[in-house]
Protein chains: 2
Amino acid sequence: MNASSKPERTRLSAEDWENAALDLIAEQGVGALAVEALARRLGVTKGSFYWHFRTREALLLAALERWEQYGEREVIAQIEAIADPRERLPELFRRVAHELRPHRVYAALLKALDHPLVVPVMARVSQRRTEFLATAFREAGLPPPEALNRARLTYAAYVGFLQLNFTLGLPRISHEDFDAYVEHMIATLIPA
Amino acid sequence: MNASSKPERTRLSAEDWENAALDLIAEQGVGALAVEALARRLGVTKGSFYWHFRTREALLLAALERWEQYGEREVIAQIEAIADPRERLPELFRRVAHELRPHRVYAALLKALDHPLVVPVMARVSQRRTEFLATAFREAGLPPPEALNRARLTYAAYVGFLQLNFTLGLPRISHEDFDAYVEHMIATLIPA
DNA sequence: GGCAAACCATACTCGTGCGTATGGTATCGG
DNA sequence: CCGATACCATACGCACGAGTATGGTTTGCC
């Protein structure tokens with residue numbers, strides 16, 4: 001029992017701080033990312049932090065870039081591995097719908113679009129994902145201009161869902177209702 | 001020329017502060033709502049503010065409630081005035097798409113979902129609007145369970161669109177492309 | 001025209017969180 | 001085993017924004 005019970009009494013690296021920052025952001029939002037709070041969380045003090053980073057913003061930036069790098073690698077790879085292009089979109093929907101961890105950070109960053117540092121990161125990520133969706137819709141048979149609009153619509157629906165059901169706690173949808181909702185999305189957004 | 005050139009040298013009421021607060025929120029977000037800044041904007045000092053409100057949070061709360069009250073009255077009334085239920089949804093889409101002012105506040109509040117005070121307000125507003133959409137979809141011929149899911153999907157798409165194209169400045173979509181997008185939404189989300 | 005209430009200005013206090021200064025302890029190559 | 005470098009603790013300074021204290025000015029009303 002020495003994996004995550006006590007705060008791991010080794011010394012820290014910059015990456016440790018970045019990962020801890022992402023955890024904190026996922027749990028309490030960007031606004032809660034304070035250096036003294038993070039230090040307490042890691043069982044050290046500010047003195048440690050300011051050895052690794054020049055400023056609080058530097059940590060935030062590093063954490064965001066880290067997230068941008070290692071964020072969606074697996075999902076995209078898994079989907080592109082599916083042979084039949086017409087099977088990719090429904091599979092993507094269902095797979096994404098049953099994740100949780102990755103959405104937390106994304107939802108937290110959506111709530112923090114005040115902050116100038118997160119805007120460009122979110123813009124890049126959202127842009128890439130929308131384009132990924134657009135090609136998937138083209139491969140599913142939609143003519144290019146419609147594929148792009150459908151991708152925009154789909155990704156907007158994803159983003160909005162996070163806000164409404166994650167951040168706001170709109171009438172806590174049940175497990176079965178959620179599955180029905182996902183199937184409804186598939187039926188209306190993906191061409192037969 | 002004495003309507004809005006100089007800051008209106010009359011004395012202020014609580015409502016004046018609330019409206020000014022909403023303007024500021026729409027422009028710069030909830031985070032920028034500071035009492036000294038607002039006071040400067042109105043050409044007075046803090047001394048005035050703390051006569052009208054007990055605290056900064058009290059102002060925010062009052063402003064939010066004000067917005068919740070007088071927010072969507074007209075739109076809903078206009079739409080319900082349309083005789084043919086099947087014409088209501090496309091008309092709603094087009095009409096909402098060509099507004100601007102109301103979306104600014106809503107988008108600003110979406111960015112401020114960190115703040116505990118805005119969450120319940122946004123939850124109530126979003127809930128009501130979703131239900132309004134659901135009945136509209138039922139009136140358009142969708143069976144009740146599907147109507148609800150379609151309403152959720154539609155409203156999520158709206159929220160997501162605001163985030164992606166308003167807050168983030170994703171590739172500034174052109175006017176014609178935007179109209180095409182709206183028509184695409186109508187075609188895919190509204191039953192024939 | 002004068003008094004009471006409403007409204008506003010000025011000058012503070014105070015908490016909070018960032019950043020700095022400086023000295024201490026662990027770790028590792030030679 | 002010893003010095004250099006990496007890592008951390010403690011104790012500060014400092015800016016900024018909320019809230020308070022207190023007194024001044026305007027406005028409505030008798």
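Residue numbers begin at 1 in each chain, while the letters A, B, ... track the order of the sequences. Source: prediction; values computed, not measured.
The CG-C1' distance, from B/Leu38 to D/dG19, rounds to 16 Å in whole Å. Residue B/Asp16 contributes atom CG, which lies 12 Å from atom C1' of C/dC7 at whole-angstrom precision. Look at NE2 on A/His52: it is 13 Å from C1' on D/dA9, rounded to the nearest Å. A/Glu36 has its CD atom 12 Å from the P atom of D/dA9, to the nearest Å. What separates NZ of A/Lys46 from C1' of C/dG19 is a distance of 6 Å, to the nearest Å. Look at CD on B/Glu15: it is 16 Å from P on C/dA6, rounded to the nearest Å. Atom CZ in B/Phe53 sits about 15 Å away from atom C1' in C/dC8, given to the nearest Å. At whole-Å resolution of the value, CZ in A/Phe49 and C1' in D/dC8 are 14 Å apart.
A/Glu131 CD: more than 12 foreign heavy atoms inside a 6.0 Å radius.
Nearest-nucleotide positions on DNA chain C place B/Ser13 closer to the 5' end than the other of B/Ser13 and A/Arg54. Of the two residues near DNA chain C, A/Arg56 and B/Ser48, the one whose nearest nucleotide lies more 5' is B/Ser48.
Of the candidate nucleotides C/dC18, C/dA26, C/dC7, C/dA26 has the atom lying nearest to any side-chain atom of A/Arg11. In the set C/dC8, C/dC7, D/dA18, D/dA18 carries the atom at the smallest distance from any side-chain atom of B/Ala34. In the set C/dC18, C/dC8, D/dC8, D/dC8 carries the atom at the smallest distance from any side-chain atom of A/Trp51.
Using a distance-only test at 3.5 Å, with no hydrogens or angles considered, no donor-acceptor pair links the side chain of B/His184 to the main chain of A/Leu153.
For the OP1/OP2 pair of D/dG19 and a distance below 4.0 Å, the side-chain nitrogens and oxygens of B/Thr55 include at least one atom meeting the criterion. Taking 4.0 angstrom as the limit, A/Thr45 places none of its side-chain polar atoms (N or O) nearer than this to OP1 or OP2 of D/dT10.
Counting only heavy atoms from C-beta outward, the side chains of B/Val125 and B/Leu109 never approach each other to under 4.5 Å.
The two residues B/Leu189 and B/Phe137 make their nearest non-hydrogen contact at O-CE2, 3.5 Å.
With B/Tyr106 as the aromatic partner, B/Arg129 meets the cation-pi criteria of under 6.0 angstrom to the ring centre and within 45 degrees of the ring axis.
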